[in-house]
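Data block below; observations after.
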Amino acid sequence: MNSILQNDLNDFENILEKTKQHGIDFLNNLDTIPTSNKNTIDPAGNLNEFGLGSLAALAEFNERLAPLMVSSPGPRYLGFVTGGSTPASIVGDWLASVYDQNTQAVKAQGGASALIEFETINFLLQLLELPDTFSGGFVTGATMSNFTCLGVARQWFGKQFGKDFAKNGISESISILTATPHSSSIKCLSMLGIGSQNYTSIKTIEGNREAIDLFDLEENIKKLNGKPFILISSAGTVNTADFDDFEAIAALRRKYNFWWHIDAAFGGFAAVSDKFNHLVEGWEGADSITIDCHKWLNVPYESAFYLMKKEHLSLQIETFQNSNAPYLGNPLENFNYLNVLPENSRRLRALPAWFALRAYGKDGFKDIVENSTSLALHFANALIETGSFELLAPIRLNNVCFTLKGNHNQEKVNEFLTILNDKGKVFMTPTFYQNKKGIRASFVNWRTTEEDIAIIMEEMKTSILDLEI
Ligand SMILES: *Cc1c(COP(=O)(O)O)cnc(C)c1O
């Protein structure tokens, strides 16, 4: 064994102890670590000939790399849709590295960690009050979940014409209908060879909505003259957290032949609260659903899962099987995750979610969701009270989409956001909505409290003053 590795092996416990201490220092200071910084490194350095050993690497990390980090798991990072990591989820994430299992087969000789994934999906279905007519698996993020679901949808589409696209390539033009797809779904159309421009935009409901207009949807379905299609619908759009009407889509599903996909990356968590579960009523009728765990489940990146109706398992295997590797077994006889999703080797990715679900239960996640949503409302009200801001959309769930009040201030929106973000106390992201430059604040972090809103409002007010100087 290389001598540096041998030293590390001998000193393993001490190394982990120091790493733990470093982690605790970061977590204990999340409140005061800035949400943005301008620190940088020159990434073009040379690789050392001889190893430094873990402790020296850790010292270098502390000195050079740690200063690049921002408080994105902290309570005031409201950009994109950014969750944090709960204690239990970090335990699961650490142990996933420690145990370092390759999570593939259920009946595996070398360990059946896929069973842990089954159990976690089972718990998640219960959390979201979805039936066990779905199976599921873990991927890196909602983008890959959309990819998995739409990949199987593509195979389903071919089957309607007696064709096997997975084997022979796409030989029919695939009809996709959607109103407000997330950019990642469009990226998936590109990755899947369908083409990022090859979809039909359905109107949204009139009057400041991002949800699909059902009349226009049905008009467009009729234009297809009975041809099958894929519908990409939304449970929680990123700008305004709007939801398509799933009961109505379920009714259309009984009339027409289509694959129904729901992107519920963060909005799916509406299901855990009786205050919001009406938003997802009827979603159990979908063929496939995308949900992120590194958003509202507050587990570390990279964690998301797909849900797929069990009746589609053979289509799923056709899409993702390793068909020319006989040593991996017959995909129909022995369930193996590597035959139903994009990756082959995978870490024990379900473990952080398993820990989080066990540690906090249904009630814990209901509290997180209701805390986030009430803080979003509280923040929106505080914004209006200042007289300097206006909402671009009503608060439906956890996202606040707003702008500077008055059309004459439109050119100042980006400058305002830069001033605000540069202060490092809060982070938000820009958007463009209803032909206006706007700002989004998304509440999903379990740590955020009313005190944070007070801090944020102070920053907003001083940034307005700075802007006018
Ligand atoms: C965040 C998000 C995605 C993409 O998720 P990643 O985890 O970044 O891959 C897709 N759809 C919606 C609605 C999202 O909010």
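All figures in this text were calculated on a predicted structure; none of them were measured in a lab. Values reported hereafter were calculated over all heavy atoms of this structure, with side chains retained and with hydrogens, waters and symmetry mates removed. Both counts, for ligands and for their atoms, begin at 1 and track the order of listing.
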Note to self: Using heavy atoms and a 4.0 Å limit, tell me yes or no: is E302 in contact with ligand 1?
What the structure shows: no
Next item on the list: Starting from atom 14 (C) of ligand 1, find the nearest protein heavy-atom neighbour and note its residue, name and distance.
Entry: K295 NZ, 2.8 Å
Notebook entry, point to check: By number and element, which atoms of ligand 1 are closer than 4.0 Å to a non-hydrogen atom of D292?
Noted result: 1 (C), 5 (O), 6 (P), 7 (O)
Check: Do any N/O atoms on N146 end up under 3.5 angstrom from N/O atoms on ligand 1?
Finding: no
Note to self: I'd like to check whether A142 has a polar contact with ligand 1, where a contact means an N/O of the residue lying under 3.5 Å from an N/O of the ligand.
What the structure shows: yes
Note to self: Within ligand 1, which atoms have a heavy atom of G141 less than 4.0 Å away?
What the structure shows: 7 (O), 9 (O)
Margin query: Taking the six-membered ring of Y337 as reference, does the cationic atom of R346 (NZ for Lys, CZ for Arg) lie under 6.0 Å from its centre and within 45° of its axis?
Written below: yes
Margin query: Under 4.0 Å, heavy-atom basis, I'd like to know which part of V238 is in contact with ligand 1: side chain, backbone, both or neither.
Written below: side chain
Item checked: Close-contact set for ligand 1 against F266 heavy atoms, below 4.0 Å -> 15 (O)
Next item on the list: Look only at the side chain of N322 and the backbone of L338, and say whether a donor-acceptor pair between them is shorter than 3.5 Å.
Entry: yes
Notebook entry, point to check: What's the shortest heavy-atom distance between K310 and D132, and which atoms?
Noted result: NZ-O, 2.7 Å
Check: Where the closest heavy atom to atom 4 (C) of ligand 1 is concerned, which of K187, H182, M144, H294 has it?
Finding: H182
Check: Any donor and acceptor pair, going by atom type alone, linking the side chain of D213 with main-chain N or O of I202 inside 3.5 Å?
Finding: no
Margin query: Quick check on contacts: which atoms of ligand 1 are under 4.0 angstrom from a heavy atom of T143?
Written below: 4 (C), 5 (O), 6 (P), 9 (O)
Checklist line | Exercise: do H182 and N146 side chains pair donor with acceptor under 3.5 Å | finding: no
Next item on the list: For the pair D244 (side chain) and S233 (backbone), establish whether a donor and an acceptor sit closer than 3.5 Å, ignoring hydrogens and angles.
Entry: no
Notebook entry, point to check: Should the ring pair F147 and F320 be called parallel, tilted or perpendicular, given that the plane angle runs from 0 to 90° and is split at 30 and 60?
Noted result: tilted
Check: Atoms of ligand 1 less than 4.0 Å from D263 heavy atoms?
Finding: 10 (C), 11 (N), 12 (C), 13 (C)
Next item on the list: Run the numbers for me: atoms of ligand 1, each under 4.0 Å from some heavy atom of G236, listed by number.
Entry: 13 (C)
Margin query: Hydrogens and angles aside, do E210 and T240 bring a side-chain donor and acceptor to less than 3.5 Å of each other?
Written below: yes
Notebook entry, point to check: Is the F379 ring parallel, tilted or perpendicular to the F402 ring (thresholds 30°, 60°)?
Noted result: perpendicular
Next item on the list: Within a distance under 4.0 Å of any heavy atom of A265, pick out the atoms of ligand 1 and give their elements.
Entry: 2 (C), 11 (N), 12 (C), 13 (C), 14 (C), 15 (O)
